[in-house]
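Numbers restart at 1 for each chain; the letters A, B, ... are given by sequence-line order, proteins then strands. Hydrogens, waters and symmetry mates play no part in the numbers below; they use all other heavy atoms, side chains included.
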Protein chains: 2
Amino acid sequence: MDTPLTFSALVLALSGQLVQEIHDRVSQQGFHDLRPVHGFAFARISSGGATTADLAEHLGVTKQAAAQLVAELVGKGYVLRRAHPHDARARLLELTDDGRAATRAADQAAREAVAPWREELGEKRFGELVADLTRLAPRGPVRPSW
Amino acid sequence: MDTPLTFSALVLALSGQLVQEIHDRVSQQGFHDLRPVHGFAFARISSGGATTADLAEHLGVTKQAAAQLVAELVGKGYVLRRAHPHDARARLLELTDDGRAATRAADQAAREAVAPWREELGEKRFGELVADLTRLAPRGPVRPSW
DNA sequence: TCCATATAGACAAGCAAGCTGTCTATATAT
DNA sequence: ATATATAGACAGCTTGCTTGTCTATATGGA
């Protein structure tokens, strides 16, 4: 660690590689119209009870940006907007069958992308790595940030 | 690791936090006109012998994008373009005094941003973390990638 | 020496993904 | 009842890249 910037570059490169690999694998599964951010949107939507505003907060973007993203996903058939049971202003987001399939593909892709790391480090070290990251990572929106 | 996507989100969140913190500290030092990517540009330029094309490769962007970034940094007084000793087409990039000051500020900011991590994990675990990341990280351009 | 091909960088136009600002309808609290 | 806050839509703009094209210079082979 002669130059601490190198450490940042390392973490950055790693996350970039991870995102890229997952995206590539998802594309290979036939989902050519999805971008990495969609995976994180799916994750939030599939957890249930999400509105566009919730999604905006989860992704760390404005409501307008989230609304645009949702419109895109609706147009591509991955997401539905349903009436909200208790709030006539809001719309509940829900995955379609295609949306769930894409979510499974992303999950599988992530598993495959991480697998060589587990192998390279060994289960023990990998477990420690995950533990360390969990301790260090902030609770915040999922976002690439520059 | 019930859902491997969580791991990606973790790494992503971590790198995002890191970049953000460094950027905030650099801003606080008075460099309000710099973005995170500039730090990585400075790092490459200060290592010497960089042309715009070299910078493009280092950052993983097109030559045009790099040229635009260089023009911006020249305009702000952080970088100089000098004649290349052996190639009349090329221009050697060089940091000004301000550029070097910004580079030092970024380095210091990175050190400070990482310091609480070292403390949280302890030197031993932190060292292992760095070692693991070094093994896993690709040699590639520095880039946020989505 | 000449020519073909590659490279450095500038100029122009286009585009994707975010932003701010504004609006309506609905909810909530005083 | 009334004031304030929130969900989401619509419009227009900015930013940070992209592709495409051009000139000047370098380089390697006939």
Side-chain angles (χ1 to χ4, degrees), chain A residues 12 16 19-20 23 27 32-41 44-45 49-76 78-94 140-146, chain B residues 12 16 19-20 23 32-41 44-45 48-76 78-94 140-146:
Chain A
L12 206 63
V19 167
Q20 190 60 51
H23 179 245
S27 280
H32 301 291
D33 52 359
L34 293 180
R35 284 174 296 121
V37 66
H38 295 141
F40 294 105
R44 175 64 190 89
I45 296 172
T51 65
T52 296
D54 293 334
L55 192 58
E57 190 182 358
H58 179 69
L59 297 177
V61 298
T62 58
K63 284 191 304 174
Q64 291 87 334
Q68 187 174 312
L69 192 145
V70 167
E72 183 192 348
L73 290 178
V74 168
K76 288 174 176 167
Y78 293 111
V79 169
L80 288 175
R81 276 181 281 226
R82 311 194 69 115
H84 193 291
H86 305 314
D87 190 333
R89 296 168 304 176
R91 311 287 234 108
L92 262 188
L93 301 178
E94 197 176 290
V142 180
R143 245 211 134 183
S145 85
W146 110 47
Chain B
L12 206 64
V19 167
Q20 189 61 50
H23 179 245
H32 301 290
D33 52 1
L34 292 180
R35 285 175 295 122
V37 67
H38 295 140
F40 295 104
R44 176 65 189 89
I45 296 172
T51 64
T52 297
D54 293 334
L55 192 57
E57 189 182 358
H58 179 69
L59 298 178
V61 298
T62 58
K63 283 190 304 174
Q64 291 86 332
Q68 187 175 312
L69 192 146
V70 167
E72 182 192 348
L73 290 178
V74 169
K76 289 174 176 167
Y78 293 110
V79 170
L80 288 175
R81 276 181 281 226
R82 311 193 70 115
H84 192 290
H86 305 313
D87 189 334
R89 296 168 304 174
R91 312 287 233 107
L92 262 188
L93 301 179
E94 195 176 290
V142 180
R143 241 210 139 185
S145 82
W146 113 47

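The separation between R35(B) atom CZ and dT15(D) atom P is 10 Å, rounded to whole Å. When the P atom of dT22(C) is taken as reference, atom NZ of K63(A) falls 14 Å away, rounded to whole Å. The nearest whole Å value for the distance from the NE2 atom in H84(B) to the P atom in dT7(C) is 15 Å. Here the C1' atom of nucleotide dC17(D) and the CG atom of L55(B) are 14 Å apart, to the nearest Å. In this entry the distance linking CG of L92(B) with C1' of dA8(C) reads 12 Å, nearest Å. If you take CG of D87(B) and P of dA6(C), they are 17 Å apart, rounded to a whole angstrom. The nearest whole Å value for the distance from the CZ atom in R82(A) to the P atom in dA7(D) is 21 Å. Put simply, CG on L69(B) is 15 Å from P on dT15(D), counting in whole angstrom units.
Ranking dT26(C), dA9(D), dC19(C) by closeness to the A67(A) side chain, first place goes to dA9(D). Comparing dG9(C), dT18(D), dG8(D) by their nearest atom to the side chain of V61(B) picks out dT18(D). Residue R81(B) has its side chain nearest to dA10(C) when only dT19(D), dG9(C), dA10(C) are considered. For Q68(A), the listed nucleotide lying nearest its side chain is dG18(C); candidates were dA10(C), dA26(D), dG18(C).
Residue contacts for T51(B): at a heavy-atom cut-off of 4.0 Å it reaches the sugar-phosphate backbone alone, with no base atom in range. At a threshold of 4.0 angstrom between heavy atoms, the contacts of A65(B) include nucleobase atoms, whether or not backbone atoms are also involved.
Judged purely by atom type and a 3.5 angstrom limit, K76(A) uses its side chain to pair as donor or acceptor with the backbone of D33(A). H84(A) places no side-chain N or O within donor-acceptor distance of the main-chain N or O of T51(A), the cut-off being under 3.5 Å.
Judged by distance alone, with hydrogens and angles left aside, Q64(A) brings a side-chain donor or acceptor within reach of the base of dG21(C), the pair sitting under 3.5 Å.
Atom CG of L59(A) sits about 10.5 Å away from atom CG of D54(A), to the nearest 0.5 Å.
An OP1 or OP2 oxygen of dT24(C) is reached within less than 4.0 angstrom by no side-chain nitrogen or oxygen of R89(A). Applying the 4.0 Å criterion to OP1 and OP2 of dA7(D), one finds that T52(A) has every side-chain N and O outside that range.
Between E72(A) and R35(A), at least one side-chain nitrogen of the basic residue sits less than 4.0 Å from a carboxylate oxygen of the acidic one, meeting the salt-bridge criterion.
Sequence order on DNA chain C of the closest nucleotides to E72(A) and H86(A) puts E72(A) first from the 5' end.
At least one side-chain heavy atom of V19(B) sits less than 4.5 Å from a side-chain heavy atom of L12(A).
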